[in-house]
Amino acid sequence: MEMEIREYRPEDEAEWMRVHAIILSISHAWNYSIQERPLYEGHESTKLVAVADGKIVGLTDTQYENEPGEFCFLKDSKGGYVLEFGRLPDFSGHNIGKLLIDATVEDAKRKDFHRLEYWTQDRSAQRYYQRIGMKEIGRHYRFRMRATPEFNEIAVKDYFGIEYIYAICMPEEWPLIKQKYDILTKHPLEPHLCIGYEIRF
Ligand SMILES: CC(C)(COP(=O)(O)OP(=O)(O)OC[C@H]1O[C@@H](n2cnc3c(N)ncnc32)[C@H](O)[C@@H]1OP(=O)(O)O)[C@@H](O)C(=O)NCCC(=O)NCCS
């Protein structure tokens with residue numbers, strides 16, 4: 001099978017959205033579904049697709065910071081934050097992930113960026129990043145909880161309601177938070193451990 005990594009083109013949009021939707025349905029790679037292709041206006045970006053026999057089978061997008069710490073976790077230099085990364089489930093075993101990562105690294109270098117951050121809540125992707133030797137840079141829990149009377153009191157004062165609170169905490173606080181608060185545990189609102197990895201070049 002001929003595999004090509006090339007830049008995303010505007011005419012790829014509808015196919016890109018379909019591939020994205022399939023990857024979304026079989027992974028915990030993203031927090032929410034999207035109906036519009038992200039554009040990263042006001043920032044440099046690398047947008048690549050993997051193409052096999054004329055069809056898009058994988059994708060990756062990286063947005064670069066204008067200032068260190070704008071959206072990356074590490075703040076020592078301006079970095080690239082990888083927002084989209086995956087391939088269709090039928091195309092495992094072709095090393096598409098690594099081809100997309102390597103091509104992103106080459107483009108980042110051309111743009112004078114020298115580090116990338118990959119954050120994921122998907123446990124399989126976490127194992128994959130470890131397997132290919134990426135360095136862990138941080139982890140936290142992301143969870144949703146019902147509002148306590150104190151939160152509801154604030155909301156009621158200003159005439160709004162709280163459906164749930166979407167929150168983040170460090171792993172060491174998680175056992176206590178689970179005990180103290182009413183955490184939503186049913187899919188698709190269940191808690192996830194999110195782990196960040198980086199590559200420098
Ligand atoms: C992450 C992802 C792109 C990797 O896919 P891929 O590049 O096609 O991986 P391959 O099947 O070709 O495997 C390549 C190598 O990685 C290993 N590997 C693949 N998935 C793995 C996993 N979940 N855990 C550990 N190792 C894994 C394979 O064993 C193989 O190793 P080898 O070269 O020694 O044989 C793919 O799993 C994916 O798209 N996942 C869904 C979306 C997602 O979670 N994205 C990241 C979140 S932000």
Side-chain angles (χ1 to χ4, degrees), residues 5 7-8 20 23-24 27-34 36-49 58-87 96-145 151 164-178 180-181 183 189-201:
I5 306 294
E7 272 186 34
Y8 170 86
H20 188 278
I23 301 169
L24 175 77
S27 72
H28 287 282
W30 297 280
N31 271 338
Y32 36 76
S33 62
I34 53 169
E36 287 171 28
R37 200 252 183 272
L39 291 175
Y40 316 116
E41 279 161 340
H43 291 90
E44 284 194 88
S45 62
T46 299
K47 301 193 278 294
L48 303 173
V49 289
L59 49 85
T60 189
D61 285 358
T62 302
Q63 185 181 29
Y64 299 97
E65 294 182 305
N66 293 327
E67 299 300 330
E70 194 181 2
F71 34 72
C72 285
F73 176 64
L74 298 182
K75 297 164 181 52
D76 58 288
S77 59
K78 289 193 288 181
Y81 192 94
V82 179
L83 289 130
E84 311 287 349
F85 174 56
R87 51 99 184 109
I96 295 174
K98 195 66 176 49
L99 293 173
L100 287 168
I101 292 169
D102 290 348
T104 301
V105 166
E106 287 315 308
D107 195 50
K109 280 189 207 163
R110 279 193 288 274
K111 292 177 159 70
D112 205 22
F113 288 89
H114 301 280
R115 57 182 204 89
L116 297 173
E117 290 190 12
Y118 286 77
W119 285 85
T120 186
Q121 305 179 64
D122 187 277
R123 291 174 71 177
S124 171
Q126 291 164 0
R127 285 193 293 273
Y128 171 78
Y129 291 142
Q130 278 154 29
R131 169 78 186 265
I132 64 168
M134 281 194 194
K135 187 182 157 214
E136 182 178 326
I137 53 170
R139 49 175 71 196
H140 58 262
Y141 275 92
R142 307 181 76 89
F143 60 98
R144 292 161 181 87
M145 60 181 226
F151 283 113
Y164 55 74
I165 293 169
Y166 189 32
I168 299 171
C169 74
M170 297 305 286
E172 54 271 30
E173 316 298 345
W174 181 231
L176 184 69
I177 286 172
K178 268 198 300 188
K180 198 167 163 187
Y181 295 99
I183 308 289
L189 303 178
E190 73 274 22
H192 288 285
L193 176 64
C194 185
I195 307 186
Y197 299 87
E198 77 152 8
I199 3 176
R200 289 187 181 241
F201 38 88

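Numbering of residues begins at 1 and proceeds along the displayed sequence.
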Parallel, tilted or perpendicular: ring planes of [X] versus [Y], cut at 30 and 60 degrees:
X     : Y      : value
Phe85 : Tyr118 : perpendicular
Tyr81 : Phe71  : perpendicular
Phe73 : Trp119 : perpendicular

State, yes or no, whether a side-chain contact exists between [X] and [Y] at a heavy-atom distance under 4.5 Å.
X      : Y      : answer
Tyr166 : Met145 : no
Ile165 : Arg144 : no
Glu65  : Glu44  : no
Tyr197 : Glu117 : no
Thr60  : Val82  : yes
Ile199 : Arg115 : no
Trp174 : Phe143 : yes
Leu48  : Thr46  : yes

Quick one: closest heavy-atom pair of [X] and [Y], and the distance?
X      : Y      : value
Thr104 : Tyr64  : O-OH, 4.1 Å
Glu198 : Ile137 : CG-CG2, 3.5 Å
Pro191 : Ile183 : CG-CG2, 3.8 Å
Ala29  : Thr120 : CA-OG1, 4.5 Å
Val49  : Glu7   : CG2-O, 4.3 Å
Ala108 : Leu116 : CB-CD2, 4.4 Å

| task | Keeping the roles fixed (side chain from Gln121, backbone from Cys194), state whether a donor-acceptor pair exists under 3.5 Å. | result | no
| Under 3.5 Å, is there a donor-acceptor pair between the side chain of Glu173 and the main chain of Cys169? | no
| Given His140 and His192, is the side chain to side chain contact (heavy atoms under 4.5 Å, CB included) satisfied, shown in steps? | CA-CA 9 Å; His140 58 262; His192 288 285; over 6 Å; no
| Could you walk me through whether Glu136 and Ile195 pass the side chain to side chain contact (heavy atoms under 4.5 Å, CB included) check? | CA-CA 7 Å; Glu136 182 178 326; Ile195 307 186; 3.6 Å; yes
So how far is it from [X] [atom1] to [Y] [atom2], rounded to the nearest 0.5 Å?
X      : Y      : atom1 : atom2 : answer
Ile5   : Lys98  : CD1   : NZ    : 11.5 Å
Gln63  : Cys72  : CD    : SG    : 9.5 Å
Ile96  : Leu59  : CD1   : CG    : 10.0 Å
Ser124 : Arg131 : OG    : CZ    : 11.5 Å
Arg139 : Gln126 : CZ    : CD    : 7.0 Å
Glu172 : Ile177 : CD    : CD1   : 10.0 Å

| said: Is the terminal nitrogen or CZ of Arg123 (NZ for Lys, CZ for Arg) located under 6.0 angstrom from the six-membered ring centre of Tyr128 and within 45° of that ring's axis? | reply: no
Does a sphere of radius 6.0 Å around [atom1] in [X] hold more than 12 heavy atoms from other residues, nucleotides or ligands, not counting ones at 6.0 Å or beyond?
X      : atom1 : value
Lys75  : NZ    : yes
Tyr40  : OH    : yes
Lys111 : NZ    : yes
Gln130 : CD    : yes
Phe151 : CZ    : no

| said: Any salt bridge linking Asp107 with Lys47? Criterion: basic side-chain nitrogen under 4.0 Å from a carboxylate oxygen. | reply: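 Not counted as a salt bridge, because no side-chain N and carboxylate O are separated by less than 4.0 Å.
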| request: Inspect the contact between Arg127 and Asp122 and indicate whether a charged nitrogen and a carboxylate oxygen are less than 4.0 angstrom apart. | output: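 Looking at Arg127 together with Asp122, the answer is no, because their closest N to O distance does not fall below 4.0 Å.
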| task | In sequence, state the C-alpha distance, the side-chain angles, and the governing distance for Ile101 and Met134, and then conclude on side chain to side chain contact (heavy atoms under 4.5 Å, CB included). | result | CA-CA 11 Å; Ile101 292 169; Met134 281 194 194; 3.7 Å; yes
| message | Quick check on the 6.0 Å ring-centre criterion: do His20 and Trp30 meet it? | response | yes
| task | Apply the test side chain to side chain contact (heavy atoms under 4.5 Å, CB included) to residues Tyr141 and Lys178: give CA-CA distance (whole Å), side-chain angles for both, the deciding distance (0.1 Å), then the verdict. | result | CA-CA 11 Å; Tyr141 275 92; Lys178 268 198 300 188; over 6 Å; no
| Looking at Lys109, Arg110, His114, which one forms a side-chain hydrogen bond (donor to acceptor under 3.5 Å, both in side chains) with Asp112? |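 Among the candidates, only His114 passes.
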